[in-house]
Visitor: 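Below: one structure in structure tokens.
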Amino acid sequence: MGIMVTVMATDHPSDSFLIKLSNKNQLLILAIIWLLVASSAHSRADISPSISVNASYLNTDTPTNSESGTVMTVTPAVKYDLTRPALNVQAAYSVKSLSFHGLADEDATQQDLDLNASIIHNPQKWTTNVFGSISQTSKDVNNLQLTNFDFPTSNTEEVSVYGINSSFNSLLGQTIQLNASAGVNYSDSETGPSSSGTILTLGANSQASSSKIYWMLNLKQQINTDSTNSQYINDILARINYRVNQKFSGFMQSGVTKTKSDNIEQSNNSIGLSWLPNRKSSFEFSVGDNDGDTIYSLDSKIVNRRLTYNLSYQESITSRRNNVVDRVTAPDGFISNLQSLTITPVIQKKTHFSLIRTGRLTTATLSGFYEELFISNASASSDERNMGVSLSLLRKLSNSSDLSLQLDLEKRRSLKENSIEGVKFKYSKAISTKSEFSMDISNSKQASDVPASVSRNSLVGMNYTYSFSDWF
């Protein structure tokens with residue numbers, strides 16, 4: 001079975017193929033039909049429907065008002081899992097119905113989807129990935145307001161991202177590795193315009209050579225288009241490596257990034273060091289010059305039996321839309337409560353870290369990020385700073401029950417500053433192999449330069465989930 005994707009460029013952004021999809025779910029529907037047809041003839045997938053019922057008591061205090069009431073939430077859901085040598089599909093879909101009593105929020109229905117599929121057409125040579133996501137994000141016309149999603153609320157908007165990407169690898173002679181990938185994606189939100197994107201990468205390297213010196217060359221083009229505008233980001237990177245031994249190597253690299261805006265571009269030269277202590281751990285650091293400014297890069301990972309550590313720092317040109325798509329295809333462990341699909345290129349300096357300590361009964365996870373964004377266009381320029389930290393502790397009480405604690409902090413500084421501090425206790429108990437009961441207590445403080453956005457929230461909730469997995 002084969003698929004052909006044709007992408008045509010025109011002078012008018014509105015002529016984009018994906019923009020012409022009048023129904024935002026068409027791309028996802030086509031992908032699911034294709035996956036089901038490809039898999040149904042050979043394997044039986046695991047289908048796990050479930051339903052959850054949650055009852056919560058919520059109290060909210062603002063500078064001008066105080067209210068309390070109850071929230072009833074009913075969430076039917078289904079999980080689809082298929083594993084074959086040449087096809088892997090994981091999908092989870094749920095529809096949450098919220099009913100508010102004694103509160104200002106209006107009743108709401110919210111859906112969530114997580115779809116990832118990998119199709120191996122030719123082992124080691126040709127792979128296709130299909131992805132889809134529907135999630136909830138903070139709803140605010142100025143992109144300032146943050147929402148704590150541990151508390152039921154109707155103040156959200158739906159963000160959808162769908163796409164398909166194919167990657168190809170080939171060996172030229174005995175030493176030169178060639179790789180290429182092509183992909184298309186589509187995104188939409190309730191308040192913003194829909195947009196489409198294409199991405200094309202080409203690369204070559206001589207890493208398979210036994211020589212101490214080997215080279216790499218990578219080209220990448222990203223084009224994002226909405227109903228009124230089109231933006232591109234073009235990257236080229238050349239790199240020469242010197243192997244000291246099997247674990248250490250040094251490198252020199254030069255890169256150029258161009259965009260539609262003359263104010264958003266990079267031209268840098270840097271030197272660095274790579275260290276591979278074992279097959280699961282790695283460390284790479286570089287420092288260089290970017291048009292007179294010092295530029296750094298760090299990517300490190302350490303994995304052992306009980307500890308997993310990641311720390312990275314990157315200065316790059318991207319867009320908020322690209323960040324959202326990247327989190328769908330390669331989650332980094334921390335997703336901001338506020339996501340934007342704007343396609344304007346930005347200069348981004350981002351630090352991300354995570355630390356996971358796994359014990360016999362207790363698991364501790366610390367993760368977070370800090371980013372600075374510089375935005376410039378024909379009319380104005382601005383800076384933005386965002387950060388978030390999350391700490392979670394999970395204690396296993398028995399074979400069927402556990403207790404967890406989660407602390408969250410997220411801040412956003414642009415024209416105004418908003419922040420959220422939250423703490424959550426949760427007890428879970430598996431009643432049987434099909435059902436689970438949980439109870440949680442949460443408290444949250446929301447601070448802001450906008451008085452109307454200041455609030456304190458507290459919640460006590462109980463949840464019951466029943467699975468119908470043995471029905472299929």
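Quantities reported herein were computed from a predicted structural model and do not represent experimental measurements.
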Visitor: Can you name the one residue among Asn179, Leu178, Leu217 that meets side-chain contact (heavy atoms from CB on, under 4.5 Å) with Asn205?
Guide: Asn179

Visitor: Please round to the nearest 0.5 Å and tell me the distance separating atom OH of Tyr242 and atom OH of Tyr214.
Guide: 12.5 Å

Visitor: Rounded to the nearest 0.5 Å, how far apart are CG of Leu237 and CE of Met216?
Guide: 9.5 Å

Visitor: Enter the distance from Leu219:CG to Ile236:CD1 here, rounded to the nearest 0.5 Å.
Guide: 5.0 Å

Visitor: Could you check whether Glu421 pairs with Lys411 (Lys NZ or Arg NE/NH1/NH2 to Asp/Glu carboxylate O, under 4.0 Å)?
Guide: no

Visitor: Can you establish whether the number of heavy atoms outside Ile240 located under 6.0 Å from its atom CD1 is more than 12?
Guide: no

Visitor: Do Asp112 and Ile134 make a side-chain contact, defined as non-hydrogen atoms from C-beta onward lying under 4.5 Å apart?
Guide: no

Visitor: Show the numbers, then the answer: is there a side-chain contact (heavy atoms from CB on, under 4.5 Å) between Val95 and Thr75?
Guide: CA-CA 6 Å; Val95 179; Thr75 310; over 6 Å; no

Visitor: Looking only at heavy atoms, which two atoms of Pro193 and Asp188 are closest? And how far apart?
Guide: C-OD1, 4.3 Å

Visitor: Side-chain donor-acceptor pair under 3.5 Å between Arg395 and Thr362, yes or no?
Guide: yes

Visitor: Would you confirm whether Glu190, through its side chain, and Glu158, through its main-chain N or O, come within 3.5 Å as a donor-acceptor pair?
Guide: yes

Visitor: When you measure from the side chain of Thr259 to the backbone N and O of Pro345, does any donor-acceptor pair fall under 3.5 Å?
Guide: no

Visitor: Please find the pair of heavy atoms, one from Ala182 and one from Asn165, that lie closest to each other, and give the distance.
Guide: O-OD1, 3.2 Å

Visitor: Do Lys350 and Tyr313 meet the cation-pi criteria used here (NZ or CZ under 6.0 Å from the six-membered ring centre, within 45° of the axis)?
Guide: no

Visitor: Are Thr127 and His121 close enough that a side-chain donor and a side-chain acceptor fall under 3.5 Å?
Guide: no

Visitor: Would you indicate whether Asn399, at its atom CG, is surrounded by more than 12 heavy atoms from other residues, nucleotides or ligands within a distance under 6.0 Å?
Guide: no

Visitor: Evaluate side-chain contact (heavy atoms from CB on, under 4.5 Å) for Asn386 paired with Arg413, printing each intermediate quantity in order.
Guide: CA-CA 6 Å; Asn386 307 311; Arg413 177 68 183 179; over 6 Å; no

Visitor: Report yes or no: does Asn122 contribute a side-chain atom to a donor-acceptor pair with the main-chain N or O of Lys125 at less than 3.5 Å?
Guide: no

Visitor: Could I get the full list of ring pair (Phe, Tyr, Trp, His ring centres under 6.0 Å) partners for Phe168, not counting sequence neighbours?
Guide: Trp126

Visitor: Would you give the length of the straight line joining atom CD of Gln348 to atom CD1 of Ile264, rounded to the nearest 0.5 angstrom?
Guide: 12.0 Å

Visitor: Any side-chain heavy-atom pair from Met252 and Arg239 closer than 4.5 angstrom?
Guide: no

Visitor: Less than 4.5 Å apart, side chain to side chain, heavy atoms only: is that true for Leu200 and Ile223?
Guide: no

Visitor: Which value, rounded to the nearest 0.5 Å, describes the distance between Ile356 atom CD1 and Asn310 atom CG?
Guide: 7.5 Å

Visitor: Out of curiosity, Gln222 CD to Lys220 NZ, how far, rounded to the nearest 0.5 Å?
Guide: 4.0 Å

Visitor: What are the two closest non-hydrogen atoms of Met387 and Tyr370, and how far apart are they?
Guide: CB-CD1, 3.7 Å

Visitor: Considering non-hydrogen atoms only, spot the tightest contact between Lys79 and Ala92 and give its length.
Guide: CG-CB, 4.1 Å

Visitor: Are Thr351 and Leu311 close enough that some pair of their side-chain heavy atoms sits under 4.5 Å apart?
Guide: yes

Visitor: Does some side-chain heavy atom of Ser187 sit less than 4.5 Å from a side-chain heavy atom of Ser195?
Guide: yes

Visitor: Please find the pair of heavy atoms, one from Asn116 and one from Val328, that lie closest to each other, and give the distance.
Guide: OD1-O, 4.1 Å

Visitor: Should we say atom NZ of Lys396 is surrounded by more than 12 heavy atoms from elsewhere, each under 6.0 Å from it?
Guide: yes

Visitor: With a cut-off of 6.0 Å (strictly less than), are more than 12 heavy atoms of other residues, nucleotides or ligands near NZ of Lys260?
Guide: yes

Visitor: What residues, two or more places apart in sequence or in another chain, satisfy salt bridge (Lys or Arg N to Asp or Glu O under 4.0 Å) together with Arg306?
Guide: none

Visitor: Could you check whether Ser392 and Gln406, counting side-chain N and O atoms only, form a donor-acceptor pair closer than 3.5 Å?
Guide: no

Visitor: Please determine whether side-chain contact (heavy atoms from CB on, under 4.5 Å) holds for the pair Ile233 and Asp235, giving the CA-CA distance in whole Å, both sets of side-chain angles, and the decisive distance to 0.1 Å.
Guide: CA-CA 7 Å; Ile233 302 175; Asp235 294 284; 3.8 Å; yes

Visitor: Tell me, do Asn323 and Thr318 make a side-chain contact under 4.5 Å, heavy atoms counted?
Guide: yes

Visitor: Please report, to 0.1 Å, the donor-acceptor pairs under 3.5 Å made by any side chain of residues 289-299, with sequence neighbours excluded.
Guide:
| residue | atom | partner | partner atom | Å |
| --- | --- | --- | --- | --- |
| Asp289 | OD1 | Gly292 | N | 3.2 |
| Asp289 | OD2 | Gly292 | N | 3.4 |
| Asn290 | OD1 | Ser267 | N | 3.1 |
| Ser297 | OG | Gln314 | OE1 | 3.3 |

Visitor: Could you check whether Thr225 and Ser196, counting side-chain N and O atoms only, form a donor-acceptor pair closer than 3.5 Å?
Guide: no

Visitor: Could you go through Val244 and Ser249, starting from their C-alpha distance and side-chain angles, then the distance that decides it, and tell me whether this counts as side-chain contact (heavy atoms from CB on, under 4.5 Å)?
Guide: CA-CA 5 Å; Val244 179; Ser249 65; 5.6 Å; no

Visitor: Applying salt bridge (Lys or Arg N to Asp or Glu O under 4.0 Å), can you list everything that pairs with Glu371, at least two apart in sequence or on another chain?
Guide: none

Visitor: Could you go step by step and tell me if Ser206 and Thr175 meet the side-chain hydrogen bond (donor to acceptor under 3.5 Å, both in side chains) rule?
Guide: CA-CA 5 Å; Ser206 62; Thr175 60; over 6 Å; no

Visitor: Without hydrogens or angle criteria, can the side chains of Tyr93 and Gln111 be said to hold a donor-acceptor pair below 3.5 Å?
Guide: yes

Visitor: Taking the side chain as every heavy atom from C-beta outward, state whether Thr308 and Leu355 have any atom pair closer than 4.5 Å.
Guide: no

Visitor: Taking all heavy atoms of Ser319 and all of Asn224, pick out the closest pair and write down the distance.
Guide: OG-ND2, 3.6 Å

Visitor: Let me have the donor-acceptor pairs involving side chains of residues 269-278, under 3.5 Å, with sequence neighbours excluded, atom names and distances please.
Guide:
| residue | atom | partner | partner atom | Å |
| --- | --- | --- | --- | --- |
| Asn269 | OD1 | Ser254 | OG | 2.8 |
| Ser270 | OG | Gln253 | NE2 | 3.4 |
| Ser274 | OG | Glu284 | OE1 | 3.1 |
| Asn278 | OD1 | Lys280 | N | 2.9 |
| Asn278 | OD1 | Ser281 | N | 2.8 |
| Asn278 | OD1 | Ser281 | OG | 3.1 |

Visitor: Is any side-chain heavy atom of Arg321 closer than 4.5 Å to a side-chain heavy atom of Asn185?
Guide: yes

Visitor: Just jot down the side-chain hydrogen bond (donor to acceptor under 3.5 Å, both in side chains) partners of Thr201, sequence neighbours excluded, or say none.
Guide: Ser181

